[in-house]
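Okay, structure first, notes after.
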Amino acid sequence: MKNIFAIIFSLLLGQYIFGQKTPISFVNDSRIENNQSWAIDNKISEITLKTDSQFEFWSRPVINTCLTWREYNGTWEKKNDTIIFYDQYELKAIDSKFRFSSNEQNEFYYLEFKTDKGSDLTNKNINIAFVFDLGSEEWDFEEHEMTLEDDFSLKIPFENIPNIDKLASIRFLYYLENGEKRFEFISADESVTIKEKELPNLIEVTLIEQPEKEIVKRITKAILIDDRIRVISSKKTNTNLADETPELIFKEFYEKESE
């Protein structure tokens with residue numbers, strides 16, 4: 001009798017969820033209940049099913065720092081008790097190259113921008129952000145809108161950078177004439193948030209005009225059990241370009257959020 005009741009309940013719940021008039025979220029983040037807002041957790045913490053067959057996955061590694069949050073979007077469908085999520089993302093070959101040198105007499109960073117094909121740059125607006133290594137896996141971020149010189153160079157005096165002794169990298173956001181974005185971190189080593197050595201103060205930035213691109217398609221499957229979702233698999237297509245995109249990491253289950 002209990003089994004029959006459970007089956008009926010599950011069917012009714014499924015009809016309710018998948019005929020919903022408003023989005024429904026399934027969450028799993030014990031850090032909020034335990035007041036551990038600064039604890040690091042890279043797993044997906046929220047799954048939202050929207051009414052137009054769209055979904056959102058949310059990863060909030062540090063709850064109190066929205067700069068660490070990541071959102072994944074796509075479409076979903078239900079087959080029996082299985083929910084199938086479809087999403088995709090773009091891989092792009094390196095779109096910026098750097099050449100470093102230093103001049104100890106200069107008390108400023110000098111950035112020079114050009115393209116690999118020698119095309120003229122026209123946009124003088126650039127967004128620059130300083131990334132500071134605060135130690136103990138903590139970092140800070142300071143963003144500025146700046147203007148390039150006529151020769152598309154940028155001079156940043158050391159005195160304009162607070163906590164320069166903790167500077168780990170410089171991030172730039174720049175739009176080419178065709179509207180394509182170039183978004184990159186300039187670092188003296190592989191890490192962009194950990195300062196291991198000083199960043200050279202003369203930096204030549206070469207923007208690749210037509211970097212190779214490739215689309216990666218991903219399918220994630222989950223089972224609806226009563227008012228919980230449990231993810232059982234996540235697979236994506238093979239690629240020719242190197243795919244360094246972090247894998248989606250899920251928790252054991254996600255509880256339907258109370259209304």
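Counting begins at 1 with the first residue of the sequence.
A distance-only check finds a donor-acceptor pair linking the side chain of Y174 to the backbone of N123 [under 3.5 Å]. Not a single donor-acceptor pair under 3.5 Å links the side chain of N80 to the backbone N or O of T82. Of the possible polar contacts, none joining the T65 side chain to the V62 backbone as a donor-acceptor pair under 3.5 Å is found. At distances below 3.5 Å, at least one donor-acceptor pair connects side-chain atoms of N201 with backbone N or O atoms of N106. Looking only at distances, no side-chain donor or acceptor of T147 sits under 3.5 Å from a matching main-chain atom of K124. Not one N or O on the side chain of D226 forms a donor-acceptor pair closer than 3.5 Å with the backbone of R228.
Across A129 and F141, no two heavy atoms sit closer than the pair CB-CZ, 3.5 Å.
Side-chain N/O atoms of D151 and S153 include a donor and acceptor closer than 3.5 Å. A donor-acceptor contact closer than 3.5 angstrom is absent between the side chains of W69 and E71.
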Taking only distance into account, with no hydrogens and no angle test, what donor-acceptor pairs under 3.5 Å do side-chain atoms of residues 156-168 form with protein atoms, sequence neighbours excluded?
none

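Counting Ile, Leu, Val, Met, Phe, Trp and Tyr side chains that sit under 4.5 Å apart, directly or through other members, I84 shares a hydrophobic cluster with Y86, I219. Residues Y89, L91, L241 make up the rest of the hydrophobic cluster containing V216, defined by ILVMFWY side-chain heavy atoms closer than 4.5 Å, directly or through other members. Through direct or indirect side-chain contacts shorter than 4.5 Å among Ile, Leu, Val, Met, Phe, Trp and Tyr, F108 is connected to Y110, L202.
Contacts classified as side chain to side chain donor-acceptor pair (under 3.5 Å) and involving residues 205-220 (residues at least two apart or in different chains) are given here: D87-R218, T115-E209, K117-Q210, S119-E209, E180-K213, T220-S234.
The salt bridge (Lys or Arg N to Asp or Glu O under 4.0 Å) check on E247 picks up K236, with sequence neighbours excluded. For F185, the side-chain contact (heavy atoms from CB on, under 4.5 Å) partners at least two apart in sequence or on another chain are V131, S169, R171, F183, V192. In this structure, the side-chain hydrogen bond (donor to acceptor under 3.5 Å, both in side chains) partners of E46, at least two apart in sequence or on a different chain, are S25, T48, R60. Applying the side-chain hydrogen bond (donor to acceptor under 3.5 Å, both in side chains) rule to N28 yields no partners; only residues at least two apart in sequence or on another chain are considered. With sequence neighbours excluded, the residues that form a side-chain contact (heavy atoms from CB on, under 4.5 Å) with D140 are F132, L134. Qualifying side-chain contact (heavy atoms from CB on, under 4.5 Å) partners for D52, counting only residues two or more places apart in sequence or in other chains: K50, Q54. Every side-chain contact (heavy atoms from CB on, under 4.5 Å) that R230 has, sequence neighbours left out, goes to I225, I232.
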Practice task
Evaluate the criterion side chain to side chain donor-acceptor pair (under 3.5 Å) for residue pair T245 and D243; output intermediate values, then yes/no.
Solution key: CA-CA 6 Å; T245 305; D243 186 359; 3.0 Å; yes
